Amino acid sequence: MKYHHEKIEAKWQQYWAENQTFAASNNSDKPKYYVLDMFPYPSGAGLHVGHPLGYIASDIVARYKRHQGFNVLHPQGYDSFGLPAEQYAIQTGQHPADTTRMNIEGGVDKSGNTIQGYRNQLDRIGFSFDWSREVRTSNPDYYKHTQWIFIQLFESWYNKTTDKAESICTLIQEFEKNGNTNVNAVCDDNIAPFSAEDWKSFSSEQQQKVLLQYRLTYLAETEVNWCAALGTVLANDEIVNGVSERGGHPVVRKKMTQWSMRISAYAERLLQGLNEIDWSESIKESQRNWIGKSVGAMVSFNVNNHDAKIDVFTTRPDTIFGVTFMTLAPEHELVAQITTPEQKAAVEAYVEATAKRSERERMADVKTISGVFTGAYAEHPFTKEPIPVWIGDYVLAGYGTGAVMAVPCGDERDYAFANFFKGTHGMPEIKNIFNQDISEAAYGEKGGFELVNSDFLNGLDYKLGTKKIIEELEKIGAGNAKVNYRLRDAVFSRQRYWGEPFPVYYVNGLPQMIDKKHLPIVLPEVEKYLPTEDGQPPLGNATVWAWDSENNAVVSNDLIDNTKVFPLELNTMPGWAGSSWYWMRYMDAHNTEEFANEEALKYWENVDLYIGGSEHATGHLLYSRFWNKFLKDRGYAPTEEPFKKLINQGMILGMSAFVYRLKLEFRPNSKTGWSSIVYNCFISNEFRKKIENNYLVLKEINEDLFNEIEMKFNQEFEKDEYSSSSERRVSFDPIHVDLSCINDITNELDIEKFKANSLYSDYKDAVFIKEEDGKYIVGREVEKMSKSKYNVVNPDDICNEYGADTLRLYEMFLGPLEQAKPWNTAGITGVSGFLKKLWRLYFDDNGSVIVNDEPTAEMYKSLHKTIKKVTEDIENFSFNTSVSQFMICVNELQQLKCNHRAILEPLALLVSPYAPHIAEELWFALGHEGSIATVAFPKFEEKYLVESEKEYPVSFNGKMRFTIKLPLDLTKEQIQEIVLADDRTIAQLAGNTPKNIIIVPGKIINLVG
RNA sequence: GCGGGUAUGGUGAAAUUGGUAGACACGCCAGACUUAGGAUCUGGUGCCGCAAGGUGUGAAGGUUCGAGUCCUUUUACCCGCACCA
């Protein structure tokens, strides 16, 4: 009986679906285990073999845990709001909801292309997902709760005293009692103080404005990253190297009124929480970097002749007597106010020039020092000496207060700035407050010095100096200790269509939340998905997008009267809104009242194992932790951290294939540049390598072509003046070839298929120079797997040809889960052959060959070695070595001609997490009813591995010379006696007596001479 | 610049945590069965060498009876952050 993966896999996939084999129960006596994958964005391109890698790993763990007796929650869903669907909608006019649904469920799109659909592709791989809990973030019954969470954030403030988020009601109570003077909140800067009486005298509108400064999500005019090409603002984590993460479009700073999330309130808890969770050091480090905690002090400097003061944050308050000048960011709000008339022109010119430069330009050129003296002087808080105030673009408006106290003797940048402007108006001599030489460079160390020229700090070091200066600053009211974070509040508005609408309408420009009982506020229909002509977001195109506050319904814009009917918010939420809480929705996915019921949340707690890509290090993973902590504070989330253990699967890279088009390059004399003619001729890879170095080789390979080329060259040279310095060479244009046109294993190009492919219609008449064996061989290179590189391998194709179990095993076999590795279909025959061998242990040509005889000790040993290894491997997420162990075991059992039930039954169970279909079929063939999924995993028993003998390696001076088999119960003395008497030992020693003999029983024997 | 990570055959990679380096595969070589092979099976395969033997885990030192593994220095590549005060 042969192994037919297609029948077996279809059969069991159907069985699992019909029997709801993997549906998790919210009521179970078993311990819970929650394994989660980062849910995918369902793109139209479909899955390639890189996508399922993490899903296979998590599925192995999920299936293993079921065998171990856990109640396993292993859900899957879709992060289905997002930019690509909207861009596609703009291009094709199709509703994003329609294309999104098709990308998930499959079908035929408007242009007649068949879309497989994520769900169909995933189903073929045999995942044990509980699909009954599927979520889609773009479904109103899901985003209803996203809107609800937004409202909760709006109705909360962060109390630093209790160190948690609280209902805004507690803040209002405090205002009513004591005003805001005692309030210790994370809030906007520079809130005007008010008393209880003041508060009560405020109008409702004034009160709302005040509260907005405290809410955890707030509407404020802030500097945002505006991406004109995408027509939207972007969060900091959506910008990479100064351009948009999606599309690489330029981004500029712009002031806009936007919703923001006060994530900065959670900076310290987000940082501390990292110590509690089992994540990779690199991701934790990324988050630590992103949060960017620095400990130091705030210091205030009064500005001479102005009623103004400059607040600076510094990590080195101990160097305060070394302040030589101050620098403000050009955008700093005080710049215009303090600049003297004489300096006005220069300052304005500089500010304007800086504003024109994009973020990217500023980042690209960090070496150029530039700045202007404002003419103003600040006053040193202790010496009262005047300190010149400069502006310079090395100071960033977005960090700290956008101002620095420049201490050139202790800071490289201040040092460079001071030296650059040395001797110019407003730049004094550098003050040195260290007992160190600073003639060549600043002394930036925090140790190894004593403070000098520093009044009461003299003689102190960094630590004592810092402590002392903070005390003194506090005494005179000029500063205090301060912890600063790089983490900024996150912009939460997007000028896009395909996202969650805000449950918000505006009365007199002030935002009002719609009551939760009227949720969801469903995304309105629009004619087109582009911004409106007057620059409003796409929702500005909606005609039915106003809130009737009396009837609590979305109504036509015509009815807006601003007394009962008000305009609704036109922005939508960013992509991370829906993904920042979805793991909790899976716990109770069908709840229509709450995002999840309390009992379900309490039962499942949080995610035990989370697997996904490291690209979400500072986006999704940070926002999710933030929302989780917030929901915990407000009594909704069960735990402080959402994901206990995190594993980042590595990227699977593609093996791009190339054909090489010949290009003739020449220049009549060395003064001109190279000219080239593309030649419609493709050279096979091996010849290409030879020819690239010296094209004369071509003469041996194909003389006709060579002559033709020489003629072409000569023709070209005849056109110009033929000089003695003329040069000629050939090069090659590598052209990506679609993998469907090649044999992935032999790398042979199917020339007919290539010519027939519409992608390559330009090359229909091309000449192909093949290898000596008559084959055209393509070149291969490792690149990121992507549609545009034509190197995508579709898991469906692998499933068709080799089966899902083979695909699963092979993806695991490729290497350690967390490592990036290239996909090479050629290697798959190894695991494919393994499954066939495994099958043949159970069946011969006529059917089952299972016997109930007692297996031999060797068979037991092979099995238990495997039980031990596989159990350890799964616990350590080392799946590649498990597959190797399976191969070793099956090879051994084949040698032993093992067909014993007592071995083969546990073996099927061992394989089951990895290759579930074949395991089910083998289990069935062994005569069992039902699924193997929850049958107890085999237990390792030491007794089967106990050995009586050991093949000892015998080394001389650490070099292994021979092995000797000895009983394990020998004493060191007995071993020494036997080894020294051995002929081979005598030969090695050649008459010498060893100085030392190291014997580690059960391990090694080493003779030292 | 700071931080994290990686480095082992022609290739993907193992190595019980200091104890026989290269398991398991791919590829390659030889053979068997075959009209055929991108099928199946057998044997071989780090490098140099006919062999004995030598040599070998990015490089250089060190600790140790013994180092891929521990320590010091260093190089290359990948990732994150970056005029962060």
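Side-chain atoms are counted along with the backbone in the values below, which use heavy atoms only and exclude waters and symmetry mates. Just so it is clear, the structure is predicted and the values come from calculations on it, not from any experiment. So that the names make sense, note that chain A is the first sequence line, chain B the second, and so on, each numbered from 1.
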Which whole-number value in Å describes the distance from A/F834 CZ to B/rG12 P?
23 Å
Identify, between A/D411 and A/S878, the residue whose nearest nucleotide on RNA chain B lies closer to the 5' end.
A/S878
When rounded to the nearest Å, what value does the distance between C1' atoms of B/rA76 and B/rG58 take?
7 Å
Nucleotide nearest A/P953 (side chain, heavy atoms from C-beta), chosen from B/rU40, B/rA14, B/rU20
B/rU20
Take the protein atom OH of A/Y485 and the nucleotide atom P of B/rA85, then report the distance between them rounded to whole Å.
14 Å
Evaluate the ring planes of A/H616 and A/H620, with Trp represented by its six-membered ring, and classify them as parallel (under 30°), tilted (30 to 60°) or perpendicular (over 60°).
perpendicular
Which pair of heavy atoms, one from A/L653 and one from A/A820, lies closest together, and at what distance?
CD1-CB, 4.5 Å
Spacing of the P atoms in B/rU11 and B/rG5 (rounded, Å)
26 Å
For atom C1', what is the distance between B/rC26 and B/rA13, given to the nearest Å?
11 Å
To the nearest Å, give me how far apart CD1 (A/I1004) and C1' (B/rC65) are.
8 Å
Using atom P in both nucleotides, what's the gap between B/rG22 and B/rC47 to the nearest angstrom?
14 Å
Please give, in whole Å, the distance from B/rG27 P to A/I828 CD1?
12 Å
Is there a side-chain polar atom (N or O) of A/R961 under 4.0 Å from OP1 or OP2 of B/rG66?
no
Side chain of A/S286 - closest among B/rA13, B/rG80, B/rA85:
B/rG80
For the side chain of A/K837, starting at C-beta, report the closest nucleotide among B/rA25, B/rA13, B/rU40.
B/rA25
Do side-chain atoms of A/K821 reach the backbone of A/Q819 as a donor and acceptor pair under 3.5 angstrom?
yes
Taken to the nearest whole Å, CZ/A/R486 to C1'/B/rC2 is 13 Å
If you check the A/N1006 side chain, which of B/rC84, B/rU20, B/rG66 turns out closest?
B/rG66
Give a yes or no answer on whether the side chain of A/Y415 reaches the backbone of A/I438 with a donor-acceptor pair at less than 3.5 Å.
yes
Under 4.0 angstrom between A/R780 side-chain N/O and B/rG27 OP1 or OP2:
no
Taking only side-chain nitrogens and oxygens of A/R413, does any of them come within less than 4.0 Å of OP1 or OP2 of B/rG1?
no
Should the heavy atoms of other residues, nucleotides or ligands under 6.0 Å from CD of A/Q894 be counted, would the total exceed 12?
yes
Aromatic ring proximity, centroids under 6.0 angstrom, A/F417 and A/F325:
yes
Rounding to an integer number of angstrom, what distance separates B/rC70 and B/rU17 when you compare their C1' atoms?
11 Å
Any side-chain N or O of A/N891 less than 4.0 Å from the OP1 or OP2 oxygen of B/rA25?
yes
Taking A/V389's backbone N and O only, do any of them form a donor-acceptor pair with A/T374's side chain (distance below 3.5 Å, no angle check)?
yes
With no angle test and no hydrogens, is the base of B/rG3 tied to the side chain of A/N289 by a donor-acceptor pair under 3.5 Å?
no
Nearest-Å distance, CD (A/Q819) to C1' (B/rU11)?
13 Å
A/E285 CD - B/rA82 P separation (whole Å)
14 Å
Quick check for you: among B/rU20, B/rU42, B/rG4, whose closest atom lies nearest to any side-chain atom of A/E281?
B/rG4
Please check: side-chain N/O of A/K284 versus main-chain N/O of A/L274, any donor-acceptor pairing under 3.5 Å?
yes
Span that lies between the C1' atom of B/rG66 and that of B/rG19, in whole angstrom
7 Å
Tell me whether the rings of A/F886 and A/Y914 are parallel (<30°), tilted (30 to 60°) or perpendicular (>60°).
perpendicular
Work out how far the P atom of B/rA39 is from that of B/rU69, and round it to whole angstrom.
40 Å
Choosing from B/rA14, B/rU20, B/rA85, which nucleotide comes nearest the side chain of A/K950?
B/rU20
Where does RNA chain B pair, written as one dot-bracket string 5' to 3', with Watson-Crick or G-U pairs under 3.5 Å, ( ) inside the strand, [ ] for crossing pairs and | for another strand?
(((((((..(((......[....)))((((((.......))))))(((....)))..(((((..]....))))))))))))....
Determine the interatomic distance between P on B/rA51 and the same-named atom on B/rA14; round to the nearest Å.
32 Å
Whole angstroms only, please: what is the NZ-C1' distance between A/K869 and B/rA23?
10 Å
Over all atoms of both residues, closest heavy-atom pair of A/N791 and A/G654:
ND2-CA, 3.8 Å
Taking only N and O in the side chain of A/S614, is any of them less than 4.0 Å away from OP1 or OP2 of B/rC79?
no
Can a salt bridge be assigned to the pair A/E947 and A/K861 using a cut-off of 4.0 Å between side-chain N and carboxylate O?
yes
For A/G833 and A/Y810, take the nucleotide of RNA chain B holding the closest heavy atom to each; which residue's nucleotide lies nearer the 5' end?
A/Y810
Selection: residues 880-890 of chain A, any non-hydrogen atom under 4.0 Å of RNA chain B
A/N880, A/T881, A/S884, A/M887, A/I888
Please say whether more than 12 non-hydrogen atoms of neighbouring residues, nucleotides or ligands are located less than 6.0 Å from NZ in A/K784.
no
